[in-house]
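Each remark here refers to the structure printed beneath this line.
These numbers come from a predicted model, not from an experiment. Residue numbering restarts at 1 for every chain, and letters A, B, ... go by the order of the sequence lines.
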Amino acid sequence: MWRRSHSSSYHNTNFRHGFHIICFVHYCVARALARRYPAPDMEPINDQTQARLEKRRKLMEKGIAPYGGRFETSERIADARQNGTDEREVRLAGRVTSHRDMGKSMFCDLKDSSGRIQLYVQKKVLSDEQFDLFKHFVDLGDIIGVTGKLFTTHAGELTVRVESFTILSKSIRPLPKEWYGIKDTETRIRQRYLDLILNDKVRETFLMRSRVIGQIRRYLDERGFIEVETPMMQPIAGGAAAKPFVTHHEALDLDLFLRVAPELYLKRLLVGGYDRVYEINRNFRNEGISRRHNPEFTMLEVYEAYGDYETMMGLIQGMVVSVATNVLDTLVVRRYDGQEIDLRPPWKRISYHELIEERVGKDWFTISPEERKARAIQMGVEFPPNSPDYEVSNAVYEKTIEPTLLNPTFVTHLPTEIVVLAKQNKQDASVVDVFECVINGQEIAPAYSELNDPVVQRDRLLHQAAGHAEKLDEDFLTALEYGMPPAGGMGVGIDRLVMMLTGSESIRDVILFPLLRPQT
RNA sequence: GAGACGGUAGCUCAGCUGGUAGAGCAACGGCCUUUUAAGCCGUGGGUCCUGGGUUCGAAUCCCAGCCGUCUCACCA
């Protein structure tokens, strides 16, 4: 659709006529601007910026706009390469990322978001004046538009023989040469645009992220789930045990919290009768930053009325398989360290108890709590001195077992104490009907058979809030009292899912603008 | 929040036990019409993160601060 609409307007003769008028207007504007701003009052940062500012000024004096406007392309660069037949005329736009000057001719690389193509600029093809303009005024990093015919060089590379060009945006800061790129993590994050221009892999990763999220939406939409949006600013930050960020609403003189989870609002919607809902959006947790943690992160939460944690197993497995198949075209993913993750279903399922027994000894749960502590310390696992018994086992699980689970594993039936919003198991009230889906050694998706008994829910929340009744979300509890259908619910850490699928080592590699301290 | 390591030209990096700051690429001026990290000749370019201290002399040693990286803690 995109290509068709462009080429049709481009080949229209009225448009060509209009284009000349536009060029003339640009010429007049450029002359006027050159008169009004004879010298830029911006302080040059270095010799290179100074040289470029000088070129910008000279272009304006010549009546050439260094910052053009609309430029109709015939296609994207990747399409030109793919459908490249010699002598076909193309009209392309992009950034100049490399150039090789050979005197009376030069080669450049032109890059847009779809790919890269080589340009061949020859003195005998352009006028002397135009060739000179290209040679002396087009720099690395400038955005230009070109027209010309495709041909193949002796080295076998499809190339555009440039017949005309337009400077669309004059870059006044030097762009690092592609070969050396930009490596410093801090610069890459603070100036992510440079990272995206210079590092193909980075651009690819974020493109994949976009496609992953798109495929998740498609998968859920196809199954009758509706996407909703619930508050990011909440009077009480509920749904997860995490420190919230605080903000303030002036007109209401009201402290609000950035949400730590959308859960309690999505459940209100289950009460309201939407029985398949999901939300993909940011959660904010006021805690430390690490390779796996950013203060704001993207979460999918999904609820299915009349389902339970087991229906969620089917959902997440199907979703990840669908995403991997559609976006990566494979179910075997390679990690940054070369290890492979096998996503082929069915995924392993094991209970929390069994898993711990399997890894640290059959007698783990039969020995005394003191012995457990002693053994945990022996294994090098640390925990606060007054930790309750279940936290000792959980520390062992999180420190020594979870990181080793590379292939997808459903760890089911966690202790009741550590999950306050899930239904207790009918046979064994000490555990809840939940799973944690672990992939790549990280918890990717916890899912519950959602607790819908308002009386039990109130007790459990009160217990968690250590008796602080003012921290209870009364409105949520009131909603439950009207009756919430039994439901399966699940949260999927999108950043971690994308890390897994793209083989990224750090969460900062999958978040475009992760939080950094501002530079002073 | 704690510990270890790092910050030198636009980019990537050298610079040892203290002696006036270096390379490649990029920039600028030349030469070169099928190169692709093009090549050749020449020129310019620095708050060595910041502030103190030691010293005749500090990019280098010491102290403090800023920012980052890694590990740990909190957490998903």
Would you indicate which nucleotide in [options] comes nearest to any side-chain atom of [X]?
X: A/Ser290; options: B/rU71, B/rG10, B/rA73; result: B/rA73
X: A/Gln122; options: B/rA76, B/rA27, B/rU33; result: B/rU33
X: A/Ser105; options: B/rC70, B/rU12, B/rU33; result: B/rU33
X: A/Arg517; options: B/rC28, B/rC67, B/rU36; result: B/rC67
X: A/Ile507; options: B/rA76, B/rC74, B/rA27; result: B/rA76
X: A/His154; options: B/rU34, B/rA76, B/rC32; result: B/rU34
X: A/Glu186; options: B/rC11, B/rA27, B/rG68; result: B/rG68
X: A/Tyr180; options: B/rU12, B/rC70, B/rU33; result: B/rU12
X: A/Thr153; options: B/rU36, B/rU12, B/rU69; result: B/rU36
X: A/Ile182; options: B/rU33, B/rC11, B/rA27; result: B/rC11

Checklist line | Residues which pass ring pair (Phe, Tyr, Trp, His ring centres under 6.0 Å) with A/Phe107, listed by chain and number, not counting sequence neighbours | finding: A/Tyr120
Next item on the list: Could I get the full list of ring pair (Phe, Tyr, Trp, His ring centres under 6.0 Å) partners for A/His99, not counting sequence neighbours?
Entry: none
Over all strands shown, is [X] touching base, sugar-phosphate only, or nothing at heavy-atom distances under 4.0 angstrom?
X: A/Asn286; result: nothing
X: A/Gly288; result: base
X: A/Leu516; result: sugar-phosphate
X: A/Glu157; result: base
X: A/Ala155; result: base
X: A/Gly181; result: sugar-phosphate
X: A/Arg100; result: base
X: A/Phe151; result: base
X: A/Lys124; result: base
X: A/Lys135; result: base

For nucleotides [N] and [M], find the distance between their [atom1] atoms and express it as a whole number of Å.
N: B/rG7; M: B/rC13; atom1: C1'; answer: 13 Å
N: B/rG44; M: B/rA4; atom1: P; answer: 44 Å
N: B/rG1; M: B/rG65; atom1: P; answer: 12 Å
N: B/rU34; M: B/rC25; atom1: C1'; answer: 23 Å
N: B/rG10; M: B/rU69; atom1: P; answer: 22 Å
N: B/rA23; M: B/rC41; atom1: P; answer: 14 Å
N: B/rA14; M: B/rG30; atom1: C1'; answer: 30 Å
N: B/rA21; M: B/rC66; atom1: C1'; answer: 24 Å

Item checked: Earlier contact from the 5' end, RNA chain B, for A/Leu515 and A/Glu296 -> A/Leu515
Item checked: Presence of donor-acceptor pair under 3.5 Å, side chain of A/Ser98 and base of B/rU36 -> no
Notebook entry, point to check: Taking atom types as they are modelled, is there a donor-acceptor pair under 3.5 Å from the base of B/rU35 to the side chain of A/Gln118?
Noted result: yes
Is [X] near enough to [N] that one of its side-chain N or O atoms lies under 4.0 angstrom from OP1 or OP2?
X: A/Lys177; N: B/rA27; value: no
X: A/Arg496; N: B/rA76; value: no
X: A/His136; N: B/rG30; value: no
X: A/Arg508; N: B/rC70; value: yes
X: A/Lys399; N: B/rA73; value: yes

For nucleotides 41-44 of chain B, print each protein N/O atom paired with a nucleotide N/O atom at under 3.5 Å, atom names and distance only.
unit_1	atom_1	unit_2	atom_2	d
B/rG44	N2	A/Asp47	OD2	2.2

Next item on the list: Please say whether the positively charged group of A/Arg209, taken as NZ for Lys or CZ for Arg, lies over the ring of A/Phe206, i.e. under 6.0 angstrom from the six-membered ring centre and within 45 degrees of the axis.
Entry: no
Check: Centre of A/Phe410's six-membered ring, under 6.0 Å away, within 45 degrees of the axis: is that where NZ or CZ of A/Arg349 sits?
Finding: no
Item checked: From CA spacing to verdict: ring-ring contact (aromatic ring centres under 6.0 Å, His included), A/His136, A/Phe131 -> CA-CA 9 Å; A/His136 294 289; A/Phe131 182 78; 8.6 Å; no
Notebook entry, point to check: Between A/Gln48 and A/Asn46, is any side-chain donor less than 3.5 angstrom from a side-chain acceptor?
Noted result: no
Note to self: Quick one about A/Asp195 and A/Asn199 (side-chain donor to acceptor, distance below 3.5 Å, no hydrogens or angles considered), yes or no?
What the structure shows: yes
Item checked: For atom CZ of A/Arg173 and atom C1' of B/rG10, their distance in whole Å -> 10 Å
Notebook entry, point to check: Separation of A/Lys170 atom NZ from B/rA27 atom C1', in whole Å?
Noted result: 12 Å
If we call it a pair only when both distances are under 3.5 Å in a Watson-Crick or G-U wobble match, what pairs with [N]?
N: B/rA73; value: none
N: B/rG68; value: B/rC5
N: B/rG45; value: none

Note to self: I want to know whether A/Tyr352 and A/Tyr397 have ring centres closer than 6.0 Å.
What the structure shows: yes
Excluding sequence neighbours, so at least two apart, what forms side-chain contact (heavy atoms from CB on, under 4.5 Å) with [X]?
X: A/Arg217; result: A/Ile213, A/Asp221, A/Glu227, A/Tyr278, A/Ile280
X: A/Asp308; result: A/Glu310, A/Thr311, A/Ser449
X: A/Ser290; result: A/Arg292, A/His293

Next item on the list: For A/Phe107 and B/rA38, say yes or no: do the ring centres fall under 5.5 Å of each other while the ring planes differ by less than 30°?
Entry: no
